[in-house]
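Order of appearance sets the numbers: ligands from 1, and atoms from 1 within every ligand. Owing to the predicted nature of the structure, the values given are computational and were not obtained by experimental measurement.
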Amino acid sequence: MSSQPRRVESQHTDKGYVPIYTTAVVDQPWADYTKTEHETWATLFRRQREVLRGRACREFIDNQERFGMAPDAIPRFEELNEVLAKATGWQLVGVEGLLPELTFFDHLANRRFPVTWWIRKPEQIDYIAEPDLFHDLFGHVPLLLNPLFADYMQAYGRGGVKAHGIDPNALVHLTRLYWYTVEFGLIRQDDGLRIYGSGIVSSKGESIYSLESPAPNRIGFDLERIMRTRYRIDTYQKTYFVIDSFEQLIDATRPDFTPLYRKLDALPAIAAGDVLDDDVVVHRGTGEGWAADGDV
Ligand code: PHE
Ligand code: CO
């Protein structure tokens with residue numbers, strides 16, 4: 001007895017974007033996907049695979065292939081879960097939309113990755129303000145097969161549960177780390193700068209912009225600096241942070257953040273587009289096309 005899961009989308013009102021949170025875990029209603037929904041997956045899949053050749057990091061492409069993700073049809077969570085279980089012990093769980101922070105952290109801390117069951121409508125093919133199946137599955141799931149990244153995601157979940165118990169400011173600082181690594185991270189590999197952030201790999205425009213546009217800053221990874229940096233939710237990022245390896249990410253985030261949160265409380269936030277004197281600058285952005293305000 002399973003009822004049709006709901007499609008919980010954020011509302012766009014005269015007060016702007018209003019997120020709606022939902023906690024249910026649902027079965028993927030795979031048999032109910034329409035021909036149009038499978039076609040949306042196919043269109044996005046083909047387009048992104050093309051764009052990501054030579055742009056996404058090696059681990060992303062290799063692991064996506066290991067899953068056997070293909071344009072033919074929306075993947076079945078059950079089939080991906082067999083591959084995941086053997087490789088890193090992660091499991092995908094279906095959800096209806098955005099989760100409250102603590103619910104999200106609890107899933108990650110237990111090696112469960114929440115995936116939105118529904119896919120965007122054809123008119124949203126180029127832009128959707130919130131995560132849908134394409135972003136979650138195409139963007140986030142491949143790196144869960146990478147042992148280092150799999151551990152990083154779980155550590156983040158555990159760190160989130162802890163930060164939630166400290167105070168709201170600790171969460172603000174931790175969320176910026178997620179944003180600038182898991183969602184919008186770049187990595188330096190032998191053959192050049194590459195993308196690993198899910199928010200970038202699931203967007204055609206930002207895949208090109210993040211690596212090739214002269215507009216954004218590209219700055220070497222620095223934990224404290226990132227945790228102080230505001231970000232954009234409605235436009236491409238003004239700044240991307242570059243790691244040298246997934247080991248660097250794990251090593252830098254291994255220490256207990258409790259004293260760091262206390263230290264950060266006394267320091268001012270940094271605007272999304274600012275470059276500091278002691279930044280390791282890979283590329284200083286021209287700032288072309290940047291919106292003047294709207295950092296969160
Ligand atoms: N070390 C962090 C803490 O003590 C946990 C964490 C690990 C957070 C990896 C983010 C990423 O809170
Ligand atoms: Co995401």
Pair F113 and H140, ring centroids less than 6.0 Å apart: yes
Validation row, ring centre F246 to ring centre Y196 under 6.0 Å: yes
For the [atom1] atom on [X], are there more than 12 heavy atoms of other groups (residues, nucleotides or ligands in this structure) within a distance under 6.0 Å?
X: R284; atom1: CZ; result: no
X: K204; atom1: NZ; result: no
X: E78; atom1: CD; result: no

Partners meeting side chain to side chain contact (heavy atoms under 4.5 Å, CB included) with I208 (sequence neighbours left out): V51, R55, E212
Under 4.0 Å from ligand 1, counting heavy atoms only: the protein residues, by chain and number: Y152, A155, Y156, G159, K162, L174, L177, T253, R254, P255, D256, F257
Three-point angle H140:NE2, the Co ion (ligand 2), E183:OE2, rounded to the nearest 10°: 100°
